[in-house]
Amino acid sequence: MTNKEVRVRFAPSPTGNLHIGGVRTAIFNWLFAKANSGKFILRIEDTDQNRYDENSEKSILSSLEWLSLDWDEGPFRQSERKDLYGNIAKKLVDSGWAYYDDTTSEELEELRQLQIREKRPPRYDNRGRYKEISHEYYEKNKDSKQIVVRFKVPDGGNKPFNDEIRGKVEFNLKEIDDFVILKSDGMPTYHLAHVVDDHEMKITHVIRGEEWISSTPRHVLIHDAMGWDYPKYVHVPLILGKDKSKLSKRHGAESALEYKDKGYLPEAIFNFLALLGWSPGDNSEIMTIDEIIEKFSVDRILGHPAVFDPEKLEWMNASYIRNLEDNTLSKMIIKEVDRPKEKGGLVSEKVSIEDITNRISILTPLIRERLRNVSESSFLLEYFFYDDLEIKKETLLPKKVEPKSIIDGLTKSITLIDEEKKFEPENLEEKFRELAKNSGLKAGQLFFPIRIALTGRKESPPLFDTMCAIGKEKSINRLYSAISIIKS
RNA sequence: GCCCCGUUGGUGUAGUGGCCUAACACGCCUGCCUUUCACGCAGGAGAUCACCGGUUCAAAUCCGGUACGGGGUACCA
């Protein structure tokens, strides 16, 4: 290969949110550009007027931005380049590589039904080839009639191409019918538009999903007809859900932005997705983006689909959270919980975001190791701010211990807390151990009911850290109400 | 149906002809740590490398077939 500049593109169509699979394709493109000091170009393939969704371009862009997949050029929009494709289509007609076809959709449907009935593969029968419709006829009638431009696929022979991952891939041209390159609304189809754009934009490597592999011969054919050089083709494997079907909403969140909302870190998503269908080959898993760029190469991309495992993503996200700076994590937690309590946050008439902010520096260390994604923050922090714990009597009473001695222990605990000047975890632990001993209880037998009383939960951060974070007064109150629950 | 691509523990991957009695990570289980959970640490279970045949002194690795999975088969991308 010559040492010309590497240029790749990510070319989503604005028909909805950016999918996890699309994100992964974008990541591979971006990585390849970075690894080769090339350019990453963003192109919006908006040639389908029917499926166009005006919000999705914005959503796609913000997904890419969230993941720091910055592009060097674009976004270009195909809808703004309509004339270009029309001209190429016309050229192809002139050179005999394409022709106008006015077969109606009804006729096409009729054809299809017949073929299905006769158990033949449903396929266009190239009937338009023989109609010999002229440019003049097309120009005069294109607005009133349904006329498309179809590419004239050679009747036989093979059209092999090289896929960088799989090697030589061969298709018999008999399998391919004359496909539409310009639709009756004057818009190009994907096949024409992307070939033209990739050529115009000097794309050197087409890195795209595996679903394109079977239409690649068409793309090659268009290149041939125009006398253009081929880009290198890299078809990356698809991402499947747990049941091995194409990843979809059924498998949980599927768009990048949903993961953002769920409290995942972009670095974790990036790292995780980079490892789906690709591996550095040296056992590295948690890597910085720079490390991934350094290790990335196309020949380590696999040729088979990967199953998306949400549990491993959780693990990886948790790992990233653990490595965050305290301040960074605190800010993220604050942002997450800064919503009304009814909407999954912690803010209410009683608790303001300032209250939370003031205490966050002691709370963050308590929950960080228990946080798999930031959206769990409200749940883990709730009892530090709210007293209305739901506690059942049974949970306060460990088996094999008399309720009386629990009440006794809790009562003494209140006194201890009340009289303790040095309200610090280490000191409290020491005192409480002593208290347990003197009350004839094992440490756990005393600590367990206290934990329930304080938090309403069976699991929490270390008891005395929790107690200190809750505060002296509130701790006492909660112990009182626990006692009254036992007595009730 | 037809065409294309693929197939290593439940999942992601390592392995590119002898070092493979198959490695790493997630998950699962056990133990340790500990007042609980989590983290961390130490172990464990789990794969006849889809199957069958061939090439070779030697195959997870090369070849062929079968099965299975995925993709495509639109005036969608």
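Within every chain, numbering begins at 1; the chains are lettered A, B, ... in the order of the sequence lines, protein sequences first and strands thereafter.
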What nucleotide, of B:G70, B:U36, B:G1, holds the atom closest to the side chain of A:Glu210?
B:G70
So what does A:Ser284 touch, heavy atoms closer than 4.0 Å: a base, only the sugar-phosphate, or nothing?
nothing
Just jot down the salt bridge (charged side-chain N to carboxylate O under 4.0 Å, His left out) partners of A:Glu424, sequence neighbours excluded, or say none.
none
Nearest-nucleotide pick for A:Ile213, side chain only, options being B:A77, B:C4, B:U36
B:C4
Looking only at non-hydrogen atoms, find the nearest pair between A:Pro160 and A:Lys168 and report the distance.
CB-CE, 3.6 Å
Assigned partner base of B:C41, Watson-Crick or wobble definition, under 3.5 Å:
B:G31
Considering every strand and a 4.0 Å limit on heavy-atom distances, what is the contact class for A:Gln146: base, sugar-phosphate, or nothing?
base
Is any N or O donor-acceptor pair between the side chain of A:Ser214 and the base of B:C4 shorter than 3.5 Å?
no
Could you label the plane-to-plane angle of the A:Tyr264 and A:Tyr259 rings as parallel, tilted or perpendicular, counting under 30° as parallel and over 60° as perpendicular?
perpendicular
Heavy atoms only, 4.0 Å cut-off, all strands: where does A:Arg208 land among base, sugar-phosphate and nothing?
nothing
Side-chain atoms of A:Arg300 come closest, of B:G15, B:U11, B:G6, to B:G15
Residue pairs, two or more places apart or on separate chains, that pass salt bridge (charged side-chain N to carboxylate O under 4.0 Å, His left out) and touch residues 121-131 of chain A:
A:Asp101-A:Lys131, A:Asp102-A:Lys131, A:Arg123-A:Glu175, A:Asp125-A:Arg127, A:Arg129-A:Asp155, A:Arg129-A:Asp178
Assign A:Thr47 to base, sugar-phosphate, or nothing according to its heavy-atom contacts below 4.0 angstrom with the strands shown.
sugar-phosphate
Applying a 4.0 Å non-hydrogen cut-off, can you work out what A:Leu276 is touching in the nucleic acid: base, sugar-phosphate, or nothing?
sugar-phosphate
Over all strands shown, is A:Gly209 touching base, sugar-phosphate only, or nothing at heavy-atom distances under 4.0 angstrom?
nothing
Whether A:Arg150 contacts B:C75 is assessed here as follows: a side-chain N or O lying under 4.0 Å from the phosphate OP1 or OP2. Is that the case?
yes
Contact class for A:Val148 vs. all strands (heavy atom < 4.0 Å): base, sugar-phosphate, or nothing?
base
List in numerical order all residues of residues 369-376 of chain A for which some heavy atom is under 4.0 Å away from an atom belonging to RNA chain B.
A:Glu369, A:Arg370
In terms of ring plane angle, is the pair A:His191 and A:Phe179 parallel, tilted or perpendicular, where the classes change at 30° and 60°?
perpendicular
Examine the base of B:C26 for any acceptor or donor lying under 3.5 Å from a partner atom in the side chain of A:Glu311, and report the outcome as yes or no.
no
Looking across every strand, which nucleic acid part, if any, lies under 4.0 Å from A:Tyr190 by heavy atom: base, sugar-phosphate, or nothing?
base
What is the nucleic acid contact for A:Arg120, judged by heavy atoms within less than 4.0 Å: base, sugar-phosphate only, or nothing?
nothing
